[in-house]
Amino acid sequence: MSNTNNNFNQEILIKRNSLIQGDCLEVMAQLPTRSINFVLTDPPYLVNYKSRDGRKILNDDNSNWLKPAFAEIYRVLGRNGFCVSFYGTNQVDKFIAAYREAGFSIEGHFTFAKRYSSSSHFVRRQHECAFLLAKGHPKKPSNVIGDVIDMQYSGNKLHPTQKPISALLPLIESFCEPQGIVLDPFAGSGSTLLAAKMLNRSYLGIELDKNYHAIATKRLQMSS
Ligand SMILES: C[S@@+](CC[C@H](N)C(=O)[O-])C[C@H]1O[C@@H](n2cnc3c(N)ncnc32)[C@H](O)[C@@H]1O
């Protein structure tokens, strides 16, 4: 794995293909520096979201975790590695401040186009967004993807903000080399982890909510 520092034995310190229940700040603090090849994450959007059926998202009502989380993401990411982070558009200033303070440069921006609208107020919301962040100077991917990606409706059955696997696959394929390890510290129902598994990448997930941790664990087991 060219992106990582090979001065330690990763296999001892990181259990590949695992999903840990806990606070990602505490769990990432135990991970070795530069031990991850690619981070793909969908953190709380800081909007105090409540789905139509009443489901809520932990830590969506405060930003205390935001800067410390991206500082840890930056530390554990390999030298010259990428992170793709979804974010809430009306809190973009807070997300950008956290990325920059951690040390990331902003190298691109993805629009995930939906044929449906997730909510409607002044406009019908028909897209999701994510930044492409870089640590150091990553190599150009061998397959360069477009920055507009189709986002099918996941159904949100497993999680109120469940991302469809199909929208995540091109990101992992492009930004994580085949032997690499993908981290999602805000794993939810495990969509990133399942996408990584489907592409034969290793994964490491962290999820605070016991219910979603159990759902994601079962989902991963059933995909075997
Ligand atoms: C936007 S959701 C991710 C949904 C996921 N992309 C999916 O497809 O299911 C963010 C998740 O982060 C979790 N979370 C919030 N704070 C956390 C923390 N400090 N550590 C780990 N997970 C956390 C929430 O419980 C929630 O499931």
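Whatever order the structure lists them in is the order used to number ligands and atoms, beginning at 1. From a predicted model like this one, the values you see are computed outputs, not experimental measurements.
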Flag, side chain of K135 to backbone of G81, donor-acceptor distance under 3.5 Å: no
Atoms of ligand 1 close to G22 [distance to a heavy atom under 4.0 angstrom, numbered from 1]: 20 (N), 21 (C)
Proximal atoms of ligand 1 relative to P185 (non-hydrogen, under 4.0 Å): 21 (C), 22 (N)
Minimum heavy-atom distance G180-R16, with the two atoms named: O-NH1, 4.2 Å
Per-atom contacts, ligand 1 versus S191 - under 4.0 Å to a heavy atom: 7 (C), 8 (O), 9 (O)
Polar proximity ligand 1 side, I206 side, N/O cut 3.5 Å exclusive: no
Aromatic ring pairing F95/Y87, orientation class (parallel under 30°, perpendicular over 60°, tilted between): tilted
Ligand 1 N/O within reach of H159 N/O, cut-off under 3.5 Å: yes
Interfacing atoms of ligand 1 (cut-off 4.0 Å, heavy-atom, D209): 25 (O)
Option passing side chain to side chain contact (heavy atoms under 4.5 Å, CB included) with Y45 (candidates T89, D60, N90, I57): D60
Residue-ligand contact L25/ligand 1, heavy atom below 4.0 Å: no
Parallel, tilted or perpendicular, as decided by the 30° and 60° cut-offs, for the rings of H109 and F131: perpendicular
R125 atom CZ, over 12 foreign heavy atoms within 6.0 Å: no
Protein residue, atom and distance nearest to atom 14 (N) of ligand 1, heavy-atom basis: F186 CD2, 3.7 Å
Atoms in ligand 1 with a heavy atom of K163 nearer than 4.0 Å: 6 (N), 7 (C), 8 (O)
Any N or O of G190 closer than 3.5 Å to N or O of ligand 1: no
Atoms in ligand 1 flagged as close to T161, the criterion being non-hydrogen separation under 4.0 Å: 1 (C), 2 (S), 4 (C)
Proximal candidate to atom 18 (C) of ligand 1 [heavy atom criterion; set A69, C24, A195]: C24
Heavy-atom gap A187 to ligand 1 smaller than 4.0 Å: yes
Short N or O distance, S189 and ligand 1, threshold 3.5 Å exclusive: yes
Test applied, side chain to side chain donor-acceptor pair (under 3.5 Å); reference residue, K114; option that passes from Q126, Q152, E128: E128
Shortest reach to atom 22 (N) of ligand 1 by a heavy atom, considering only L208, L194, I215: L208
Atom 13 (C) of ligand 1: the protein heavy-atom neighbour that sits closest, reported with distance to 0.1 Å: E207 OE1, 3.3 Å
Under-4.0 Å salt bridge between R115 and D150: yes
Check: C176 main-chain N/O paired with R201 side-chain donor or acceptor under 3.5 Å: yes
N/O donor-acceptor pair under 3.5 Å between K67 side chain and E101 backbone: no
Atom 16 (N) of ligand 1 - nearest protein heavy atom and its distance: N59 ND2, 3.0 Å
Ring center gap for H127 and F112 short of 6.0 angstrom: no
Distance from atom 15 (C) of ligand 1 to nearest protein heavy atom, with residue and atom: L58 O, 3.2 Å
Minimal non-hydrogen separation, F186 against C24, with atom names: CZ-SG, 3.5 Å
N or O contact, D42 vs ligand 1, cut-off under 3.5 Å: yes
Contact partition for D23 relative to ligand 1, non-hydrogen atoms under 4.0 Å: both
